[in-house]
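Shown next, in structure tokens, is the structure this report addresses.
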Amino acid sequence: MGSVLSSGKKKKVKIVCCGLDNSGKTTIINSLKAKKAQVADVTPTVGFSVEEFEKENLLFSVFDMSGQGKFRNLWESFYDDINAVVFVIDAADRVRMTVAKNELDLLLEKEKKNIPILFFANKQDIQGSLSAQECSDVMGLGEIKDRSFNIVGTNALKNTGIDVGVKWLSGELNKKQ
């Protein structure tokens, strides 16, 4: 497992944030940064970017992975040295839910350390979007038996639900000292 480094009182953790393009990954990460570090206009990620912030007594280094098809093969190159995965689902994009499930299945197949996964069922503000439970059912999350996971409904634009997920993830990461 990626080492959880201690820096004084705060431990440093590495996270991969992945999901299909336009699911809200960068917007979620942006909302977690300190207000002064947030950007007003979020643009699609090409390849990947790294963001750092402090939450729940942890120093997070988050690899924001592009969700575009041609970049998804990059995700697995980060699995060896991470402590957790954040997988963002566009709950309003029913058409591509199968593609998201296929990408999740690949992730579960390739990531062998059984690290925790936090799922964000994003875009709960859009009429007709699937609830977190419906996303869990469609994505087959009940079949995951080899690791801890949680799914939280979010609205990245209004920053709702995100702190609940990060609090859960921090608790999981703090168990692995």
Side-chain angles (χ1 to χ4, degrees), residues 1-68 71-72 74-91 100 103-104 107 111 113-126 132 135 147-177:
M1 172 174 311
S3 60
V4 178
L5 302 174
S6 182
S7 170
K9 285 188 169 185
K10 299 197 188 308
K11 290 185 287 188
K12 186 170 179 116
V13 293
K14 294 180 182 176
I15 311 292
V16 163
C17 183
C18 52
L20 300 186
D21 51 303
N22 199 37
S23 60
K25 300 175 297 296
T26 304
T27 303
I28 287 171
I29 293 168
N30 188 53
S31 74
L32 290 167
K33 297 188 300 189
K35 290 280 185 220
K36 65 182 180 214
Q38 292 180 5
V39 295
D41 293 320
V42 173
T43 58
T45 304
V46 175
F48 72 94
S49 66
V50 181
E51 297 290 347
E52 296 190 338
F53 55 86
E54 292 183 32
K55 285 282 183 193
E56 300 292 324
N57 239 9
L58 294 172
L59 295 170
F60 284 86
S61 281
V62 180
F63 297 90
D64 181 4
M65 307 304 294
S66 175
Q68 298 173 27
F71 294 114
R72 290 185 209 140
L74 288 175
W75 298 358
E76 69 183 90
S77 60
F78 289 83
Y79 297 158
D80 286 341
D81 196 34
I82 58 170
N83 303 99
V85 172
V86 173
F87 194 101
V88 182
I89 302 163
D90 181 343
E103 292 298 336
L104 173 62
L107 183 155
E111 196 291 305
K113 296 179 314 222
N114 303 333
I115 57 178
I117 302 178
L118 171 60
F119 295 93
F120 283 131
N122 195 29
K123 302 188 181 182
Q124 291 296 305
D125 54 313
I126 297 177
C135 285
R147 67 187 73 224
S148 60
F149 70 90
N150 192 13
I151 185 165
V152 178
T154 58
N155 173 351
L157 295 176
K158 295 210 185 305
N159 198 16
T160 56
I162 296 169
D163 285 342
V164 170
V166 171
K167 190 174 286 271
W168 173 85
L169 186 59
S170 297
E172 291 297 304
L173 293 167
N174 279 319
K175 287 180 193 175
K176 301 179 183 308
Q177 298 185 34

Could you check whether S23 and N122, counting side-chain N and O atoms only, form a donor-acceptor pair closer than 3.5 Å? no

Can any side-chain N or O of [X] pair as donor or acceptor with the backbone N or O of [Y] at less than 3.5 Å?
| X | Y | result |
| --- | --- | --- |
| R147 | I115 | yes |
| E56 | K167 | no |
| E54 | N57 | no |

Using a 4.5 Å cut-off on heavy atoms from C-beta on, say whether the side chain of [Y] contacts that of [X].
| X | Y | value |
| --- | --- | --- |
| V88 | C17 | yes |
| F53 | V62 | yes |
| I15 | L169 | yes |
| L58 | N174 | yes |
| L173 | F60 | yes |

Atom [atom1] in [X], atom [atom2] in [Y]: separation rounded to 0.5 Å?
| X | Y | atom1 | atom2 | value |
| --- | --- | --- | --- | --- |
| R72 | L107 | CZ | CG | 12.5 Å |
| K12 | S61 | NZ | OG | 3.5 Å |
| Y79 | F63 | OH | CZ | 13.0 Å |
| F120 | N150 | CZ | CG | 9.0 Å |
| E103 | F87 | CD | CZ | 7.0 Å |

Taking D64 first and then K25, would you say they form a salt bridge - that is, a charged N and a carboxylate O separated by under 4.0 Å? no

Under-4.0 Å salt bridge between K14 and D80: no

Identify the heavy atoms of [X] and [Y] that sit nearest to each other, and give their distance.
| X | Y | value |
| --- | --- | --- |
| A91 | A121 | CB-C, 4.2 Å |
| N159 | S31 | OD1-OG, 3.4 Å |
| Q68 | T45 | NE2-O, 3.8 Å |
| K175 | E172 | NZ-OE2, 2.9 Å |
| I28 | A156 | CG1-CB, 3.5 Å |
| L20 | A100 | CD1-N, 3.7 Å |

Please test I29 against V86 for side chain to side chain contact (heavy atoms under 4.5 Å, CB included), starting from the C-alpha separation and ending with a verdict. CA-CA 10 Å; I29 293 168; V86 173; over 6 Å; no

Can you label the angle between the F78 ring and the F48 ring as parallel, tilted or perpendicular, going by 30° and 60°? perpendicular

Going through the checks in order, is the side chain to side chain contact (heavy atoms under 4.5 Å, CB included) test met by D163 and L32? CA-CA 8 Å; D163 285 342; L32 290 167; 4.2 Å; yes

Stepwise, does the side chain to side chain contact (heavy atoms under 4.5 Å, CB included) test hold for I82 with K113? CA-CA 9 Å; I82 58 170; K113 296 179 314 222; 4.2 Å; yes

Exactly one candidate in T154, D90, T27 meets side chain to side chain donor-acceptor pair (under 3.5 Å) with K123; the answer is D90

Mind checking ring pair (Phe, Tyr, Trp, His ring centres under 6.0 Å) for F149 and listing every partner two or more places apart, or none if nothing turns up? none

